[in-house]
Amino acid sequence: MNTPKGKKWLTTLDVIDEIGKALDKKEPLSVVRVGDGENITLSQYKVWPIRKTLSTRWARLSRSTNWKGVTLPNVRLRDQLITAIKKADIVGIPYYKDNEILAEQQFLRPLTNACFRRFNIHPKKCCHTFVNRHMVEHQQFWEILKGKKAVVISRWADDFKSLVGRAYDDFDIDIIKTISINRYEQIPKVLLKMKSVDCDIVFISAGVNAVILAQKLAEEQGRIAIDFGKSAVFMVTSNRKVNPWKPEYLDKREYS
């Protein structure tokens, strides 16, 4: 059983449908995701001793590289993450014994459950963490974006815009703005940049920071904001971890 007690579990197509309805009604919607990085960030001090949190490979990389976009320990980040998950409309979480996420099981659903219990987090609706990767596999996802104005917030934003322009040109998806983000500290600046932007939907690929950004954009600016995870970079680099739906007329050589 993967559904949290008393909660409805949405399939990928259900989530696409929710996004499509929000686009039709022009209503705010936030879709966020919780994986090993979010779990480890949530675990700081309250769920695990900080020494245990900082001993994880993920936390070590947060301190020694720029890959994670955050540096642990960071209690303010943890608390903002708690608030964002509580307020988000749809929350992606790992399955029990999740074989799709390449992380040790102790950092996945068991830790999600422990963190959610400790912080009294009860998502409104749940789906799988990798809903972002699976959405792009469905034609329905691209259909709901037809003629829409989008913003992409990611260090890969410009490359993703070019790919969408080439591969889905007949869908008339207008990526009107790209915003690069590398660090947690840039969140206020990104929110400020978005204030004057008129768009239909926002895709955010920014690690743990995407959870905070998606929820804040929905609540504070009335946006439809999607935590897009690594979908953008995997599509740009033709990584096999994502297998996006492609129009039949598309030559594979043009896509890669």
Side-chain angles (χ1 to χ4, degrees), residues 32-85 91-95 97-116 118-119 121 128-133 152-160 179-190 203-216 226-242:
V32 307
R33 305 173 315 105
V34 175
D36 58 317
E38 289 77 16
N39 284 333
I40 289 167
T41 302
L42 287 169
S43 77
Q44 296 176 86
Y45 296 103
K46 299 288 189 179
V47 179
W48 283 352
I50 191 61
R51 183 174 293 182
K52 182 175 181 179
T53 298
L54 296 182
S55 71
T56 63
R57 181 176 182 271
W58 197 97
R60 293 199 306 272
L61 287 172
S62 82
R63 295 162 68 85
S64 63
T65 73
N66 200 33
W67 298 350
K68 303 303 182 185
V70 300
T71 302
L72 301 188
N74 187 328
V75 173
R76 184 166 182 265
L77 166 64
R78 180 200 68 197
D79 291 347
Q80 286 185 313
L81 198 57
I82 293 167
T83 299
I85 297 168
V91 179
I93 60 175
Y95 293 139
K97 297 181 181 178
D98 200 316
N99 295 318
E100 191 172 0
I101 305 175
L102 299 180
E104 294 180 40
Q105 293 301 314
Q106 64 171 318
F107 304 134
L108 298 178
R109 187 60 173 271
L111 187 50
T112 302
N113 288 351
C115 291
F116 282 19
R118 179 63 181 83
F119 299 118
I121 298 172
H128 186 246
T129 300
F130 280 171
V131 68
N132 61 307
R133 300 189 188 186
V152 180
I153 301 172
S154 169
R155 67 181 66 178
W156 291 87
D158 289 333
D159 291 328
F160 184 70
I179 301 175
S180 180
I181 180 171
N182 295 292
R183 302 292 304 165
Y184 163 73
E185 292 77 15
Q186 294 175 297
I187 288 177
K189 187 176 181 180
V190 171
F203 294 103
I204 310 158
S205 293
V208 173
N209 301 315
V211 177
I212 299 169
L213 272 169
Q215 190 279 317
K216 281 185 175 291
I226 313 300
D227 176 352
F228 207 45
K230 293 181 179 177
S231 296
V233 59
F234 285 162
M235 286 180 65
V236 167
T237 58
S238 298
N239 191 302
R240 292 182 180 179
K241 291 178 181 178
V242 170

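The first residue in the sequence is number 1, and the count goes up from there. Keep in mind the model is a prediction, meaning the values are calculated, not measured.
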Fill in the blank from the handout: Shortest non-hydrogen pair, A84 vs I212, comes out as CB-CA, 4.0 Å

Exercise for the section: Kindly indicate, with the supporting measurements, whether the criterion side-chain contact (heavy atoms from CB on, under 4.5 Å) is fulfilled by T237 and D159. Expected result: CA-CA 9 Å; T237 58; D159 291 328; over 6 Å; no

Handout entry: Expected output: side-chain R133 to main-chain V242 donor-acceptor under 3.5 Å
Key = no

Handout entry: Pair R183, T71: side-chain N/O donor-acceptor within cut-off below 3.5 Å
Key = yes

Problem - Pairs touching residues 33-59 that satisfy salt bridge (Lys or Arg N to Asp or Glu O under 4.0 Å), sequence neighbours left out - result: R33-D227

Problem - With sequence neighbours excluded, residues passing side-chain hydrogen bond (donor to acceptor under 3.5 Å, both in side chains) with T83 - result: none

Exercise for the section: Return yes if some donor-acceptor pair links the side-chain N/O of S62 with the main-chain N/O of L72 below 3.5 Å, else return no. Expected result: yes

Fill in the blank from the handout: Paired with L213, the side-chain contact (heavy atoms from CB on, under 4.5 Å) test is passed by just one of I187, V32, I179, V208, namely I187

Exercise for the section: Step by step, work out the side-chain contact (heavy atoms from CB on, under 4.5 Å) result for I85 and L42. Expected result: CA-CA 11 Å; I85 297 168; L42 287 169; 4.0 Å; yes

Handout entry: Rounded distance (nearest 0.5 Å) linking atom OG of S231 with atom CG of N239
Key = 10.5 Å

Practice task
For L102 and K241, run side-chain contact (heavy atoms from CB on, under 4.5 Å): C-alpha distance rounded to whole Å, both residues' side-chain angles, the deciding distance at 0.1 Å, then the answer.
Solution key: CA-CA 11 Å; L102 299 180; K241 291 178 181 178; 4.0 Å; yes

Completion exercise
Exactly one of I101, N113, T129 clears side-chain contact (heavy atoms from CB on, under 4.5 Å) with L108, and that residue is I101

Problem - Flag side-chain contact, heavy atom, 4.5 Å: W48 against L111 - result: yes

Problem - Side-chain heavy-atom pair T41, Y184 within 4.5 angstrom cut-off - result: no

Handout entry: S205 side-chain N/O to G229 backbone N/O, donor-acceptor pair under 3.5 Å
Key = yes

Practice task
Give, for atom CZ of F228 and atom CZ of F234, the distance between the pair rounded to the nearest 0.5 Å.
Solution key: 12.0 Å

Problem - Minimum-distance pair of heavy atoms, taken over all atoms of N66 and R155 - result: O-NH2, 3.5 Å

Handout entry: Q105 (side chain) donor-acceptor with D98 (main chain) under 3.5 angstrom
Key = yes

Problem - N74 side chain to R78 side chain, donor-acceptor N/O pair below 3.5 angstrom - result: no

Problem - Centroid-centroid under 6.0 Å between F160 and F203 rings - result: no

Problem - Beyond-backbone contact of Q44 with C115, side-chain heavy atoms, under 4.5 angstrom - result: no

Fill in the blank from the handout: When rounded to the nearest 0.5 Å, the distance separating CG of L54 from OG1 of T56 is 7.0 Å

Problem - Heavy-atom pair with the smallest gap, counting every atom of V47 and F119 - result: CG2-CE1, 3.9 Å

Exercise for the section: Would you check if F116 and I93 make a side-chain contact, meaning some heavy-atom pair closer than 4.5 Å? Expected result: yes

Exercise for the section: For residues T53 and A59, report the shortest heavy-atom separation together with the two atoms involved. Expected result: O-CB, 3.2 Å

Problem - Distance (rounded to the nearest 0.5 Å) between W58 CH2 and W67 CH2 - result: 13.0 Å

